[in-house]
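Below you'll find the structure, written out as structure tokens, and then a few comments.
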Amino acid sequence: MNLRYLILMAGLMLNTASADFVDSSVQLHPFYPFDGPYVIELSGEWPNDCHPGEQKPVIRDYTGDSVLIDFEIVVEHITCNQTPTPYRVLVDMVKLVGTVAGNFQDLEVTFRFGGVEVVETLLLDCGDGVPCNAPAFTYVNPENGFFHNPGLQTQGMLLSRQNLSMAAYPLTYDAAGKPRWLFAGGIITGDVYFGDLYEISNGGCLGCPLPAQPPLAKPIGNLTLLMDSPGRIQASYN
């Protein structure tokens, strides 16, 4: 059994006193999305680690060719030191892609925090469906096995991959505390994976009589995975 980290796509430590986005970069995963969902990444190095709390990105406005992203404090705590702090923020766009009509060729991304903004225009399409002359995808294929986050000891995810096809089985718990396995299947594109998330019910065990009710697959949301390495992934559930 593989024990690896499963990390939520959220969380950022920022400094309101000297908020700036010097040396920050914005990019998409996959590199050039055409008609599917994508993830926006903001990364860089904060000049020090002096912040009011843990931050999360919140999408304030989306028009199809522009998006405005603010940060909200989700945990209040004051710590301070002079150590430069690298950060990496991932914003999952899977729920918004396709909600606005239009054939958009680029996306103006604005990150806003503490009165300071960083604005970057990223290509969504090179026009007329012609692929961009982008570098070849660097595929990051996750290991088969069970992934977990030490901070979430009762949750995890089982991944089963063959070439670029992958099935993901998140383990969660319902309101009554009963374990619940979910399912998502799809194709890895570069270092990102998107899949519809289903809850399976009325299934039978191997060698058991057929159940009275047929198996059901109820769609309950979406799953997004970003592979940092074969043994480390970041996950977002919608």
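The model shown is predicted, which means the values in this text are computed figures rather than measured ones. Values reported hereafter were calculated over all heavy atoms of this structure, with side chains retained and with hydrogens, waters and symmetry mates removed. The residues of the chain are indexed from 1 along the displayed sequence.
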Look at the side-chain heavy atoms of Ile, Leu, Val, Met, Phe, Trp and Tyr, link any pair under 4.5 Å apart, and say whether Tyr87 and Val58 land in one connected group. no
When rounded to the nearest 0.5 Å, the distance separating CG of Leu226 from CZ of Phe194 is 8.5 Å
Measure across Phe147 and Pro142 and return the closest heavy-atom pair with its distance rounded to 0.1 Å. CZ-CB, 4.3 Å
Rounded to the nearest 0.5 Å, what's the gap from CD1 on Ile200 to NZ on Lys218? Could you check? 12.0 Å
So, for Ala168 and Met157, which heavy atoms are closest and what is the spacing to 0.1 Å? CB-SD, 4.1 Å
Looking only at side chains, do Gln155 and Asn149 share a donor and an acceptor under 3.5 Å apart? no
Point-to-point distance, once rounded to the nearest 0.5 Å, from CD1 of Ile187 to CG of Asn163: 9.5 Å
Taken in chain and number order and not counting sequence neighbours, the residues that satisfy side-chain hydrogen bond (donor to acceptor under 3.5 Å, both in side chains) with Asp70 are Arg60, Arg112
Quick one, Val26 and Leu122 - any side-chain contact, counting heavy atoms below 4.5 Å? yes
Here's a test for you: under side-chain contact (heavy atoms from CB on, under 4.5 Å), which of Asn144, Leu159, Asn141 qualifies with Met166? Leu159
First locate atom OG of Ser25, then atom CD of Glu41, and finally report the distance between them rounded to the nearest 0.5 Å. 6.5 Å
Measure the shortest side-chain to side-chain distance between Asp196 and Asn222 over non-hydrogen atoms and say whether it is less than 4.5 angstrom. yes
Return yes when atom CG of Asp106 has more than 12 non-hydrogen atoms of other residues, nucleotides or ligands closer than 6.0 Å, and no otherwise. yes
Qualifying ring pair (Phe, Tyr, Trp, His ring centres under 6.0 Å) pairs, either residue in residues 153-187, two or more places apart: Tyr169-Phe183
Using the test side-chain contact (heavy atoms from CB on, under 4.5 Å), find all partners of Leu96 that sit at least two apart in sequence or belong to another chain. Ile59, Tyr62, Met93, Thr99
Roughly how far apart are Glu143 CD and Ile233 CD1, rounded to 0.5 Å? 10.5 Å
Considering non-hydrogen atoms only, spot the tightest contact between Pro30 and Val192 and give its length. CD-CG1, 3.5 Å
Is there a path of hydrophobic side-chain contacts, each under 4.5 Å between heavy atoms of I, L, V, M, F, W or Y residues, that connects Val89 with Val116? yes
Taking all heavy atoms of Tyr237 and all of Leu197, pick out the closest pair and write down the distance. CD2-CD2, 4.0 Å
Looking only at non-hydrogen atoms, find the nearest pair between Ile40 and Tyr38 and report the distance. CG1-CE1, 4.0 Å
Less than 4.5 Å apart, side chain to side chain, heavy atoms only: is that true for Phe71 and Leu42? yes
Arg180: partners by side-chain contact (heavy atoms from CB on, under 4.5 Å), with sequence neighbours left out: Thr172, Leu182, Glu199
List the residues meeting side-chain contact (heavy atoms from CB on, under 4.5 Å) with Ser66, not counting sequence neighbours, and say none if there are none. Thr63, Glu108
Considering all heavy atoms of both residues, which atom of Gly36 and which atom of Val97 are nearest to each other, and what is their separation? O-CG1, 3.6 Å
Got a second to check how far Lys95's NZ is from Thr224's OG1, nearest 0.5 Å? 11.0 Å
Following the transitive rule for hydrophobic clusters with a side-chain heavy-atom cut-off under 4.5 Å over Ile, Leu, Val, Met, Phe, Trp and Tyr, establish whether Val100 and Leu68 coincide in one cluster. no
Suppose we screen for side-chain contact (heavy atoms from CB on, under 4.5 Å). Which residues come up paired with Val140, at least two apart in sequence or across chains? Asp191, Met227, Pro230
Would you say Val39 and Gln234 make side-chain contact, with heavy atoms under 4.5 Å? no
For a 4.5 angstrom cut-off between non-hydrogen side-chain atoms, does Pro57 reach Ile69? yes
